[in-house]
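Below: one structure, written as structure tokens.
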Amino acid sequence: MRPALPLLVQLLLTFVGLLVSITAVLTTAAYSSSLASLEAEAQRNVDLATRAREQTLTQLFALRQQRAEGFLVSTQSLCAEPLDSGRLAWTEDCVRTMVADFRRSERALGALLTYGTRRLSRSGRRVALGSLPSGALAHVVRTPDGALEYVMNATRGQATLVLKFDHHEVAELFKDQSGLGRGGEVLLFDYQGQFLAPASLATSTIP
């Protein structure tokens, strides 16, 4: 028969066992709490970075839209005269000069100004008329070689200005990794999962 351990030794062993158990529980809880805190902080950073780029992207196209609408006001004021029928008579040389200058100042690939069904002037690359989705500032066009272009419309009365832009300014907005750390990246893609800005950490589509 094994001799019984002294009561003091039993108490010490029990106390040590309790300390080890408590330490293990506290360590696990601390690790879980720290991990949850890190995950929450990472999610906040992602949300902030996403909203910042969303606001910048919206501002880019909203300002382009405002300038296009202002251009229509100026062009009608300088290059058109009202007729008795309520329509406008346009001075072709004036319109052509203003459209070309505006396209260059906006760094647009192409510009097309129409009045009703009449084409007043075109500058740069060919631009096709088309309606935008409701509430949209621009829509994306993919060229046969895979390049991305953004098309915008501005309308005043029967006059419509259509502008086509390349993707470079949009792509520049998504090169900035501020607030995301070294491995972070904000991606821009359409409803089909096709990327609208270069993605260095991902493939060309979202599954």
Side-chain angles (χ1 to χ4, degrees), residues 50-176 186-198:
T50 301
R51 285 197 295 270
R53 283 149 183 84
E54 178 186 10
Q55 291 171 358
T56 304
L57 187 61
T58 301
Q59 184 180 44
L60 170 65
F61 286 102
L63 290 175
R64 284 176 172 174
Q65 183 75 25
Q66 290 175 14
R67 292 194 294 268
E69 292 171 354
F71 166 81
L72 288 177
V73 173
S74 299
T75 304
Q76 289 188 16
S77 174
L78 298 173
C79 302
E81 294 182 1
L83 300 174
D84 293 339
S85 62
R87 291 177 60 82
L88 296 175
W90 298 82
T91 305
E92 292 184 3
D93 289 343
C94 176
V95 171
R96 184 167 53 251
T97 299
M98 291 196 67
V99 170
D101 288 346
F102 184 73
R103 180 188 66 81
R104 285 192 290 267
S105 69
E106 289 294 300
R107 293 181 290 180
L109 297 176
L112 172 65
L113 179 62
T114 62
Y115 184 68
T117 59
R118 176 189 171 193
R119 190 182 82 174
L120 295 178
S121 181
R122 180 177 68 85
S123 176
R125 296 186 190 177
R126 183 177 180 179
V127 180
L129 285 172
S131 59
L132 297 181
S134 178
L137 290 172
H139 72 272
V140 181
V141 176
R142 289 187 182 274
T143 64
D145 62 357
L148 295 171
E149 296 176 345
Y150 292 84
V151 179
M152 302 182 63
N153 293 351
T155 301
R156 177 178 170 82
Q158 297 185 57
T160 298
L161 177 68
V162 185
L163 297 169
K164 179 188 290 186
F165 296 90
D166 61 32
H167 72 286
H168 296 304
E169 283 194 66
V170 173
E172 285 297 320
L173 298 178
F174 289 84
K175 288 182 179 179
D176 180 17
V186 178
L187 307 177
L188 178 66
F189 53 92
D190 62 19
Y191 66 95
Q192 294 178 326
Q194 298 292 322
F195 281 96
L196 303 181

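In this text the structure is predicted, and so the values were computed from the model without any measurement. Both backbone and side-chain heavy atoms feed into the values below; hydrogens, waters and symmetry mates do not. Position 1 is the first residue of the sequence, and the numbers go up from there.
Between the CG atom in Leu63 and the OG1 atom in Thr58 there is a gap of 10.5 Å [rounded to 0.5 Å]. The structure places CG of Leu163 at 8.5 Å from CZ of Phe71, a figure rounded to the nearest 0.5 Å. To the nearest 0.5 angstrom, Met98 atom CE is 9.5 Å from Leu72 atom CG. Note that CD of Glu92 is 8.0 Å distant from CG of Leu120, once rounded to the nearest 0.5 Å. For the atom pair CG (Asp101) and CZ (Arg96), the distance works out to 12.0 Å, reported to the nearest 0.5 Å. Atom CG of Leu109 sits about 8.5 Å away from atom CZ of Arg103, to the nearest 0.5 Å.
In terms of heavy-atom proximity, Ser123 sits nearest to Ala100 at OG-CA, 3.5 Å. For the pair Leu78 and Cys94, the tightest heavy-atom approach, listed with the atom from each and the gap, is O-SG, 3.8 Å. Scanning both residues, Arg122 and Val127, for their nearest heavy atoms gives CD-N, 4.4 Å. Taking each heavy atom of Ala159 and Tyr115 in turn, the nearest pair found is N-CD1, 3.9 Å.
The main-chain N or O of Phe102 is found under 3.5 Å from a side-chain atom of Ser105 such that the two form a donor-acceptor pair. Formation of a donor-acceptor pair under 3.5 Å by the Ser74 side chain with backbone atoms of Gly70 is found in this model. Side-chain atoms of Lys164 never come within 3.5 Å of backbone atoms of Ala111 as a donor-acceptor pair (strictly under, hydrogens ignored).
In this structure, Arg125 places its CZ atom where only 12 or fewer heavy-atom neighbours from other residues, nucleotides or ligands lie under 6.0 Å away. Residue Asp145 places its CG atom among more than 12 non-hydrogen atoms of other residues, nucleotides or ligands, all under 6.0 Å distant.
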message: Working note: Glu169 + Leu60, criterion side chain to side chain contact (heavy atoms under 4.5 Å, CB included); need CA distance, chi angles, decisive distance, verdict.
response: CA-CA 9 Å; Glu169 283 194 66; Leu60 170 65; 3.6 Å; yes
field: Pair Val95-Leu113, side chain to side chain contact (heavy atoms under 4.5 Å, CB included): steps then yes or no
entry: CA-CA 9 Å; Val95 171; Leu113 179 62; 3.6 Å; yes
message: Let's go through Met152 and Val162 carefully: what are the C-alpha distance in whole Å and the side-chain angles of both, what is the deciding distance for side chain to side chain contact (heavy atoms under 4.5 Å, CB included) to 0.1 Å, and is it a yes or a no?
response: CA-CA 6 Å; Met152 302 182 63; Val162 185; over 6 Å; no
query: Checking side chain to side chain contact (heavy atoms under 4.5 Å, CB included) for the pair Gln76/Leu88: CA distance, chi angles, key distance, verdict?
result: CA-CA 8 Å; Gln76 289 188 16; Leu88 296 175; 3.9 Å; yes
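Residues Glu81 and Trp90 are not in side-chain contact: their nearest non-hydrogen atoms beyond the backbone lie 4.5 Å or more apart.
Geometrically, Arg64 engages Phe165 in a cation-pi contact, judged by NZ or CZ lying under 6.0 Å from the ring centre and within 45° of the ring axis.
At a cut-off of 3.5 Å, with distance as the only test, no side-chain donor of Gln59 or Gln55 sits close to an acceptor on the other residue.
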